Amino acid sequence: MKYEDLLEECTSNDVFVIENAKFRSKSDGLINGNVIGINKKICTSKKRACVLAEELGHYHTTVGNITMNATTSDKKQELRARAWAYNKMIGLNGIVNSYKHGCYSLNDTAEYLEVTENFLLEALQYYKSKYGISATIDNYVIYFEPYLGVLELV
């Protein structure tokens, strides 16, 4: 579902997606201008969605060629694109919603959010670096350490 939604977002932004691209590099996805390529070796829709979200994040946030990831500016742009993808695919609200739907493990949460467990773990690391060990949203506290947990405030 999320993959199809991202494809629709690409279409509405005049971004073209090549879903079975053959790359010389080992990259999962690449973007050049308004064309996103997803490596043909990416088989699951969850992984494709995560890759497409990050490349769409580059479309919305990145300037220039940062494929070498050599400068501090390149690294900042890479992080900004990933943060865009984490917020698009997960977000703090997504974590709370997964808790409300009975997801208490990383695997269940990733399944509910339609992302890979690795993508979820990377997002949680990002949120921890941004908010510290916890973040509060509405009547919920999300703990990122020692493991993912959500507490409803009464």
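Throughout, residue positions are numbered sequentially from 1 according to the sequence presented. Treat the numbers as computed from the prediction; the structure is a model and nothing was measured.
- With contacts defined as side-chain heavy-atom distances shorter than 4.5 Å, the pair Ile95/Tyr140 does not qualify.
- Taking OG of Ser45 as the start and CD of Glu4 as the end, the distance is 7.0 Å to the nearest 0.5 Å.
- Here Lys46 pairs with Glu111 in a salt bridge; the nearest charged N to carboxylate O distance falls below 4.0 Å.
- We find the SG-NZ distance between Cys50 and Lys88 to be 13.5 Å, quoted to the nearest 0.5 Å.
- Other residues, nucleotides and ligands contribute over 12 non-hydrogen atoms within 6.0 Å of the CG atom of Asn20.
- The other members of the hydrophobic cluster of Tyr143, by chain and number, are Val141, Leu151, Leu153 (side-chain heavy atoms under 4.5 Å, ILVMFWY only).
- Interatomic distance, Leu52 CG to Glu9 CD, rounded to the nearest 0.5 Å: 8.5 Å.
- Side chain of Asn39 to backbone of Gly29: no donor-acceptor contact under 3.5 angstrom is found.
- Atom CZ of Arg82 and atom CZ of Phe119 lie 9.0 Å apart (nearest 0.5 Å).
- Looking at Tyr126 and Glu122, their side chains never come closer than 4.5 Å, going by heavy atoms from C-beta outward.
- Ring geometry for Phe144 versus Tyr131: interplanar angle under 30°, hence parallel rather than tilted (30 to 60°).
- Cluster membership check: Leu148 shares its hydrophobic cluster with Tyr104, using side-chain heavy-atom separations under 4.5 Å among Ile, Leu, Val, Met, Phe, Trp and Tyr.
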Side chain to side chain contact (heavy atoms under 4.5 Å, CB included), that's the test. Do Arg80 and Gln77 meet it? Break it down for me. CA-CA 5 Å; Arg80 195 169 28 248; Gln77 289 192 77; 3.3 Å; yes
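- Under a hydrophobic-cluster definition in which Ile, Leu, Val, Met, Phe, Trp and Tyr are linked whenever side-chain heavy atoms come within less than 4.5 Å, directly or via other members, Ile18 and Leu6 are assigned to different clusters.
- Scanning all heavy atoms of the two residues, the minimum distance from Leu106 to Glu117 falls at CB-OE2, 4.0 Å.
- Counting all heavy atoms, side chain and backbone alike, Ala53 lies closest to Met89 at CB-CG, 3.5 Å.
- Asn93 pairs by the side-chain hydrogen bond (donor to acceptor under 3.5 Å, both in side chains) definition with nothing, not counting sequence neighbours.
- Annotation for Ile31 and His58: closest pair CG2-CB, 3.8 Å, computed over non-hydrogen atoms.
- Under a hydrophobic clustering in which Ile, Leu, Val, Met, Phe, Trp and Tyr are joined whenever their side-chain heavy atoms come within less than 4.5 Å, directly or via other members, Val17 and Val35 fall into different clusters.
- Of the possible donor and acceptor atoms, one in the side chain of Thr11 sits under 3.5 Å from a partner among the backbone N and O of Leu7.
- The pair Arg48-Asp28 fails the salt-bridge criterion, with no side-chain N (NZ, NE, NH1 or NH2) lying under 4.0 Å from an Asp/Glu carboxylate O.
- Between Trp84 and Thr61, the shortest heavy-atom contact is CD1-CG2, 4.1 Å.
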Cys10 and Leu56: CA distance, side-chain angles, deciding distance, side chain to side chain contact (heavy atoms under 4.5 Å, CB included) verdict: CA-CA 8 Å; Cys10 288; Leu56 199 51; 3.8 Å; yes
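- No donor-acceptor pair closer than 3.5 Å links the side chain of Ser27 to the backbone N or O of Leu30.
- A salt bridge does not link Lys40 with Glu19: none of the charged nitrogens is closer than 4.0 Å to a carboxylate oxygen.
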Worked check of side chain to side chain contact (heavy atoms under 4.5 Å, CB included) between Val96 and Asp138: CA-CA 10 Å; Val96 169; Asp138 298 326; over 6 Å; no
How far apart are the C-alpha atoms of Phe16 and Ile36, what are their side-chain angles, what is the distance that settles it, and do they pass the side chain to side chain contact (heavy atoms under 4.5 Å, CB included) test? CA-CA 6 Å; Phe16 302 96; Ile36 294 173; over 6 Å; no
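- Taking all atoms of both residues into account, the shortest heavy-atom contact from Cys103 to Tyr112 is SG-CB, 3.5 Å.
- Note that CZ of Phe23 and NZ of Lys41 are 11.0 Å apart. Values are rounded to the nearest 0.5 Å.
- Between the CG atom of Leu113 and the OG1 atom of Thr109 there is a distance of 6.5 Å, given to the nearest 0.5 Å.
- Minimum heavy-atom separation, Leu92 to Ala135: CD1-CB, 4.1 Å.
- Checked against side-chain hydrogen bond (donor to acceptor under 3.5 Å, both in side chains), Asn87 has the following partners two or more places apart in sequence or in another chain: Tyr127.
- In this structure, the side chain of Lys2 does not engage the main chain of Val115 through any donor-acceptor pair within 3.5 Å.
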